[in-house]
Amino acid sequence: MNFTRWSARFPGTQRRAAARSEHAAAQAKRGEGSVPAARGAAGLSVTGPDGCPADPTVRGTGSAPGTGSAAAAATGTGTPAPSLEELSVREVLDRLPALVALVHGPEHRVAYVNDAYTSGFGARAPGAPAHVALPELGDLGLLPLLDQVQRSGKPRTAKNRTAPGGTSSYTVTCTPIEFPKTSAGTGPDSEAEGTGTGVLIHLADVTDHAEAVERLRASERRQREAAVTLQRSLLPQELEQPDDLRVAATYQPGGTEAAVGGDWYDVITLGAGRTALVIGDVMGRGVRAAAVMGQLRTAVRAYARLDLPPHEVLQLLDGLAAEIDASQIATCVYAVHDPNEGLLAYASAGHLPILVRDEDGTVRRAADPTGPPLGTGGWLHTSGTIALGPGSTAVLYTDGLVERRGEDIDEGVAALERALSGAQGTPAVICDRLMRALGVDADHDDDVAVMVLQQPARTGADAELFHNAALELLGGIEAAPRARAFAQGVLASWRFPVELCDLGVLAASELVANSLQHGTPPMRLRLRRTDRRLIIEVTDGDDHLPRRRRAEPADETGRGISIVATIASAWGSRRTPGGGKAVWCEFALPDKDK
């Protein structure tokens, strides 16, 4: 194949040919006949000025400065540096370690493949179309790329194409070229005038690089799986289900990277029918954020057992967050639902507002107070309340649900309000619908946690399982027999077994007696029945919380709380928001009453 004629069409080739002619003429005039050693290395004839073979490493007399032995010494090899002008295109392409093929014409007929291409894919007969003679290009998906390059006249590159069998990967560059047409206008070897077009295909073997990339990706996948496993293991495996609420939550890790976030949620039953709900987000990403999240979640559960007001829980968390890691701050909202009051008491540390949808579809935002994030210190948090009546639905969420690049976060909250106003169904269904409505999917770039709680509107037979009764304890010690009589009548009307009625009356009597002796007015006895338990609670105006103690045989008092703790399933006490305290106990109902 005559590479001299079509190679003349490469940019700069004609200029270099002219330079070679002028150089040869100057050498002949000066009597210098040496040529670069690279030409000799290619098996070409090297002659001196007298026409006899010459040693390419020895220059004749009168050599120009910077040539001959001086140039060889400069290179440190003893051999003159090769001259690019003296190398043919074929010599260059044959010596390339990359795979090179040349195709021409609209059918991309094969004009040339170099030795590396032959070693990689086998010998190829010239003249056949590429889809027949070079089937590996089709397997690599390069045939459409050849058409694009030939039409546009611009080079194109395809990265990391895997060869058939998956053994090698290549980065392929296709470059348009021109060469003289044949007499039939289809090849590079004719003497006819005019030019044709072709494509030079250069395949660089990047197998090692592709394997390294795949190993890195596999390592990142393993790290992400470990981080997500850690994150999910720190979240509650199964949510507690209060008697008076229906609750569901979901967590969606963001994107495909290993750096998961620190979003968390929890549901904690406090006793006496009250429930704590918490959702938070540790700033930052990765295993460290997940670890801090786990510590905060554990601390929230511990502080919740103290049955403190929401703002006091956040105050404790604020100090703990600074101790865990001063560089990690977190947002959090902690709320307590009291079915007796129909309220959701809450405190927020830099978190987004709770949303509540009423039974008629109206959506309300929980107003301030909102303090700074946990870990900043120097702030006194305060609590607020929002009504959560029968038929209402509340949503707690992290910023990943509503925050989008280039948009104000208030727009995202407004979009969530619109989605919530039309969302119907169980809490689990509403979680899914809100996630879809806000565009959260597997490729979402931020972690998302959502918790939905409903206060059901009970009617019919279901309503018969839930009752409330209360008695104001007025007067002095004469309130005790009235309280016993009230409890006896209410429990009998709720059709409890005789044994349970007796235990309930005894517990009510002891709690009332304790309040009359140690408490201050106002005092109230409250009885509540759910589908799973009987709750007895006494409130008074004194802040001193009772404790269980061991009474000596000679003591006339101090046994009331011990009796209650012995006969009841659980008991506890807490301070009430307006001052005073509440002491409660509860009894699990027999299975037949569930």
Taking atom [atom1] of [X] and atom [atom2] of [Y], what is their separation to the nearest 0.5 Å?
X: Leu374; Y: Tyr334; atom1: CG; atom2: OH; answer: 13.0 Å
X: Leu93; Y: Tyr112; atom1: CG; atom2: OH; answer: 5.0 Å
X: Met451; Y: Thr250; atom1: CE; atom2: OG1; answer: 12.0 Å
X: Met435; Y: His444; atom1: CE; atom2: NE2; answer: 8.0 Å
X: Ile324; Y: Met293; atom1: CD1; atom2: CE; answer: 11.5 Å
X: Leu134; Y: Leu146; atom1: CG; atom2: CG; answer: 9.0 Å

Hey, does [Y] have a side-chain heavy atom less than 4.5 Å from the side chain of [X]?
X: Tyr265; Y: Pro236; answer: yes
X: Val450; Y: Val448; answer: yes
X: Lys159; Y: Val172; answer: no
X: Val113; Y: Val100; answer: no
X: Leu453; Y: Leu277; answer: yes
X: Thr162; Y: Tyr170; answer: no
X: His108; Y: Asp147; answer: yes
X: Glu407; Y: Arg405; answer: no

Heavy-atom donor-acceptor pair, [X] side chain to [Y] backbone, under 3.5 Å:
X: Arg156; Y: Thr175; result: no
X: Ser119; Y: Asp115; result: yes
X: Gln454; Y: Val452; result: no
X: Glu403; Y: Gly400; result: no
X: Thr298; Y: Gly294; result: yes
X: Tyr397; Y: Leu416; result: no

| Are Leu203 and Ile201 close enough, and set up right, to give a side chain to side chain contact (heavy atoms under 4.5 Å, CB included), and what steps lead you there? | CA-CA 7 Å; Leu203 296 90; Ile201 306 166; 3.6 Å; yes

| message | For a side chain to side chain contact (heavy atoms under 4.5 Å, CB included) check, start with the C-alpha distance between Asp318 and Leu320, then their side-chain angles and the critical distance, and finish with the verdict. | response | CA-CA 5 Å; Asp318 186 33; Leu320 179 65; over 6 Å; no

For [X] versus [Y], what's the shortest heavy-atom pair and its separation?
X: Val247; Y: Gln241; value: O-NE2, 3.0 Å
X: Val282; Y: Gln328; value: CG1-OE1, 3.5 Å
X: Asn114; Y: Leu96; value: ND2-O, 3.7 Å
X: Leu317; Y: Leu296; value: CD2-O, 4.0 Å
X: Pro253; Y: Asp447; value: CA-OD2, 3.7 Å
X: Val278; Y: Cys332; value: CG2-SG, 3.6 Å

| request: Answer yes or no: does atom CZ of Arg217 have more than 12 heavy-atom neighbours from other residues, nucleotides or ligands under 6.0 Å? | output: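 No.
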
| How about Arg433: does its CZ atom have over 12 heavy atoms from other parts shown lying under 6.0 Å from it? |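 Counting other residues, nucleotides and ligands, CZ of Arg433 exceeds 12 neighbours.
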
| task | Report the C-alpha distance between Gln150 and Thr197 in whole Å, list the side-chain angles of each, state the deciding distance to 0.1 Å, and finish with yes or no for side chain to side chain donor-acceptor pair (under 3.5 Å). | result | CA-CA 7 Å; Gln150 196 158 41; Thr197 59; 3.1 Å; yes

| For Val363 and Arg418, what are the C-alpha separation, side-chain angles and deciding distance, and is it a side chain to side chain contact (heavy atoms under 4.5 Å, CB included)? | CA-CA 8 Å; Val363 177; Arg418 292 190 295 271; over 6 Å; no

| message | Quick one, Val199 with Ile177, criterion side chain to side chain contact (heavy atoms under 4.5 Å, CB included). Give me CA distance, side-chain angles, the key distance, then yes/no. | response | CA-CA 6 Å; Val199 178; Ile177 62 171; over 6 Å; no

| query | Taking only residues at least two apart or on different chains, which pairs with a member in residues 120-143 satisfy side chain to side chain donor-acceptor pair (under 3.5 Å)? | reply |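 Matches after skipping sequence neighbours: Tyr117-Glu136, Arg124-Glu136.
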
| said: Between Glu240 and Arg301, does any NZ, NE, NH1 or NH2 come within less than 4.0 Å of an OD or OE carboxylate oxygen? | reply: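 Judged by the 4.0 Å cut-off on N to carboxylate O distance, Arg301 and Glu240 do form a salt bridge.
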
| salt_bridge(Arg357, Glu417) N-O dist < 4.0 Å |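 Between Glu417 and Arg357 there is no salt bridge, as every charged N stays at least 4.0 Å from the carboxylate O atoms.
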
| task | Evaluate the criterion side chain to side chain donor-acceptor pair (under 3.5 Å) for residue pair His351 and Asp399; output intermediate values, then yes/no. | result | CA-CA 8 Å; His351 207 79; Asp399 59 2; over 6 Å; no

| What residues form a side-chain contact (heavy atoms from CB on, under 4.5 Å) with Thr370, not counting sequence neighbours? |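 Partners of Thr370 under the side-chain contact (heavy atoms from CB on, under 4.5 Å) test: Ser348, Asp368.
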
| request: Give a yes-or-no answer on whether the side chains of Asn160 and His209 include a donor-acceptor pair shorter than 3.5 Å. | output: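 No pair is found: no donor N or O on one side chain lies under 3.5 Å from an acceptor on the other.
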
| said: Set out, in order, the CA-CA distance, both residues' side-chain angles and the distance that settles side chain to side chain donor-acceptor pair (under 3.5 Å) for Thr331 and Asp281, then state yes or no. | reply: CA-CA 5 Å; Thr331 65; Asp281 183 5; 5.0 Å; no

